[in-house]
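Here the structure comes first, spelled out in structure tokens, and everything after it is commentary.
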Amino acid sequence: MSLTVEQLTRTFNDVTAIQAIDLTIHEGEIICLLGKSGCGKSTLLRTLSGLDLAYEGTVSFQDTPLTGVRDEIGIVFQEPRLLPWLNVLENIRFGLKQPNQATIKRVDRFINYVGLTGKAHLYPKALSGGMSQRAAIARALVCDPEVLLLDEPFSALDHFTKLELQDLLLKIQGKYNTTMVMVTHDIDEALYLADRIVVLSSQPGTIQDIIEIDSPRPRTRTSRDLQQVKQKILTTLHI
Amino acid sequence: MTKEGQLTINSTIQLNKISVTPFLKHVIVSSIFPVIILFVWEFLSRIGVFESYQLPAPSAVLLKAVSLYQSGELLPHILATFMRVLIGFGIGTTVAITLSILVGFWPLLEKLIDPTIQALRQIPSLAWVPLFILWMGIGETSKVTMIAVGVFFPVYLNVLSGIVTIDRKWLEVGKVFGLSTCHQITKIILPAVFPAFFTGIRTGLGLGFMFVVAAELMGASEGLGYLLVLGQNTLQPDTILVSIILFAIIGKVTDGSLKLIEQRLLHWQDTEIRGTGK
Ligand SMILES: Nc1ncnc2c1ncn2[C@@H]1O[C@H](COP(=O)(O)OP(=O)(O)OP(=O)(O)O)[C@@H](O)[C@H]1O
Ligand SMILES: [Mg+2]
């Protein structure tokens, strides 16, 4: 049992963003959060990260209440949030406590993985939206978190880069058994990655449906089973 | 930066084209207007439109500058003014930075002293002059204090607003990656405040020159402001003009140096630099 949420409600001056969320996220699981814009996906992710503590209900990590940010939990924000005064390399290294030979190699490897080779010395102002997003993903990944929270990490990427990075996430998940919670608008992406898809309803955000996807990985993106699930999700979302 | 990185050896000519020509062009374009003014002024003076005891010709002003320089008077005056500004600026900036950091990071202190500072700010700083002279006499102390007070406010206000308006999003990045409070300050807050800090000290320096003039007009035995008074009392407009032009040059050079440092340190800023075509 790695991350548990019970009766989680978050209200912003009288507006309830999410309400009565119950969810247990198991170790090594990939969960995708789906829902319309403004339904509270980012809000949920921020409470899971320990950044937002003004909620009602409980959030616990490894059976102890979450009282703030933790090294074991990493987050990729909805915006890249690179520090403009650091170049790509420095930004990606930002979360590493003591850079040593091994971590420096690791940083290089991840720069490679996200396709930023040769761009390490550029400053954020010279990056495209997709490049910034990839740098932000690498920055979270090099810290090797146990739980990785991702808020629409691939939204600014072209289709092919997106597919590549989805596979990168799967590869990392396979290697380190990282638990991942990912917000996405892309149903196909959720179907390809998730063990469970959590569909949120709007205003206030409550869990409308949780769909388990059993098909083994690697999945075929166009498989008939997945397409049937997609139909189901689409009808759920349209209500 | 990136441009240089991409240039190869065989594109030296291109390098000239890229960097030197626009600079020259800039210099030429921006000097057209003053040069025309100078010529018209010289011409009008020569045909007697301006009386030389009111507005001497540019050539006369230049000759005056040369003669002041050769007599060895000019450099001490320049140095005196420059040192006053430098010391006042140093004191004002140091106090302003210390206070704005304390107030910015210590909410209690903000409640305690920021309202007072905001109220004092409403007093035109020159209004302090008589009081300072009364307290400290007409010597260096009151002059430097005056300049320091003038420099203090813009630096304090800018740095403080830089601190209190830091984007929560960046602070969260620091939090998420487990930065200690100390690192949060050095790695996020300081760089984030740098732009506001530079705006503050550049405004402060400008005001420093304004206040040095005020201070020296009150009574001084050397300095460019003293030259102004001297020119007025001895009916020598050329001396006044020499002093005014020197103020312009020194102001431009010091501000230009700060601007250069700013551009170096803040090269990461995604702002368009006007007039340089970058
Ligand atoms: N800091 C805040 N202050 C006030 N209201 C907020 C704040 N953050 C979020 N909200 C509100 O909470 C609701 C959920 O916002 P949230 O950002 O979680 O949506 P989202 O599902 O991530 O949307 P999107 O898909 O567009 O990113 C919205 O109605 C929003 O207006
Ligand atoms: Mg969101």
Side-chain angles (χ1 to χ4, degrees), chain A residues 42 45-53 67-88 90-99 118-129 132 135-136 138-145 147-151, chain B residues 1-8 18 158-159 161-163 165-201 259-274 276-278:
Chain A
S42 299
L45 219 59
R46 283 172 58 83
T47 53
L48 292 178
S49 73
L51 274 174
D52 184 357
L53 298 172
T67 53
V69 291
R70 301 185 56 131
D71 286 345
E72 299 93 328
I73 304 178
I75 183 166
V76 176
F77 294 100
Q78 190 163 0
E79 327 79 43
R81 296 201 192 182
L82 300 178
L83 300 171
W85 48 86
L86 301 180
N87 65 24
V88 170
E90 291 159 345
N91 262 297
I92 294 178
R93 278 207 299 239
F94 188 74
L96 296 172
K97 294 276 138 44
Q98 258 128 23
K119 313 277 190 225
H121 294 285
L122 293 184
Y123 280 82
K125 68 170 178 182
L127 300 182
S128 71
S132 311
R139 177 174 67 179
L141 287 176
V142 287
C143 292
D144 190 17
V147 179
L148 184 58
L149 309 170
L150 302 128
D151 200 344
Chain B
M1 294 271 295
T2 45
K3 262 184 198 161
E4 282 166 14
Q6 282 160 5
L7 284 172
T8 47
I18 292 170
N158 275 289
V159 175
S161 88
I163 292 174
T165 58
I166 289 182
D167 201 331
R168 177 179 55 88
K169 291 181 171 168
W170 288 338
L171 298 177
E172 280 184 359
V173 171
K175 242 178 160 182
V176 160
F177 288 105
L179 255 54
S180 60
T181 313
C182 181
H183 277 154
Q184 185 88 311
I185 291 173
T186 56
K187 291 189 170 178
I188 299 200
I189 295 172
L190 280 185
V193 172
F194 245 52
F197 167 72
F198 268 101
T199 313
I201 60 170
K259 191 172 160 188
L260 210 69
I261 300 172
E262 182 182 11
Q263 280 172 3
R264 281 280 156 82
L265 290 176
L266 300 182
H267 63 91
W268 48 266
Q269 266 194 321
D270 196 5
T271 47
E272 196 183 353
I273 302 159
R274 274 196 72 189
T276 57
K278 272 185 201 163

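Side chains are part of it too, since the values below use all heavy atoms of this structure and drop only hydrogens, waters and symmetry mates. Proteins get letters first, then strands, A, B, ... in listed order; numbering begins at 1 in each.
- For A/Leu86, no part lies near chain B; criterion is any non-hydrogen pair under 4.5 Å.
- When all heavy atoms of A/Lys97 and B/Phe177 are compared, the pair lying nearest together is NZ-O, 3.4 Å.
- No side-chain heavy atom of A/Pro124 sits less than 4.5 Å from a side-chain heavy atom of B/Trp268.
- Listed by chain and residue number, A/Leu148 satisfy the side-chain contact (heavy atoms from CB on, under 4.5 Å) test with A/Pro145 (two or more places apart in sequence, or in another chain).
- The closest side-chain heavy-atom distance from A/Trp85 to B/Leu266 is not below 4.5 Å.
- Note that the CG atom of A/Leu83 and the NZ atom of B/Lys169 stand 13.5 Å from one another [nearest 0.5 Å].
- A 4.5 Å side-chain heavy-atom check between B/Leu179 and A/Phe94 finds at least one atom pair inside the cut-off.
- In this structure, A/Lys125 contributes its side chain and B/His267 its backbone to a donor-acceptor pair below 3.5 Å.
- Note: A/Gly95 leads A/Ser49, A/Gly68, A/Gly74, A/Gly95 in heavy-atom pairs under 4.5 Å with chain B.
- With rounding to the nearest 0.5 angstrom, the CZ atom of B/Arg168 is 9.0 Å from the CG atom of A/Leu51.
- Looking at heavy atoms from C-beta onward, A/Phe77 lies in side-chain contact with B/Val173 at the 4.5 angstrom threshold.
- Using a 4.5 Å cut-off between non-hydrogen atoms, the part of residues 183-190 of chain B that approaches chain A consists of B/Lys187, B/Ile188.
- The side-chain heavy atoms of A/Tyr123 and B/Asp270, taken from C-beta on, include no pair separated by under 4.5 Å.
- Residues B/Val176 and A/Val69 approach most closely at CA-CG1, 4.4 Å, considering heavy atoms.
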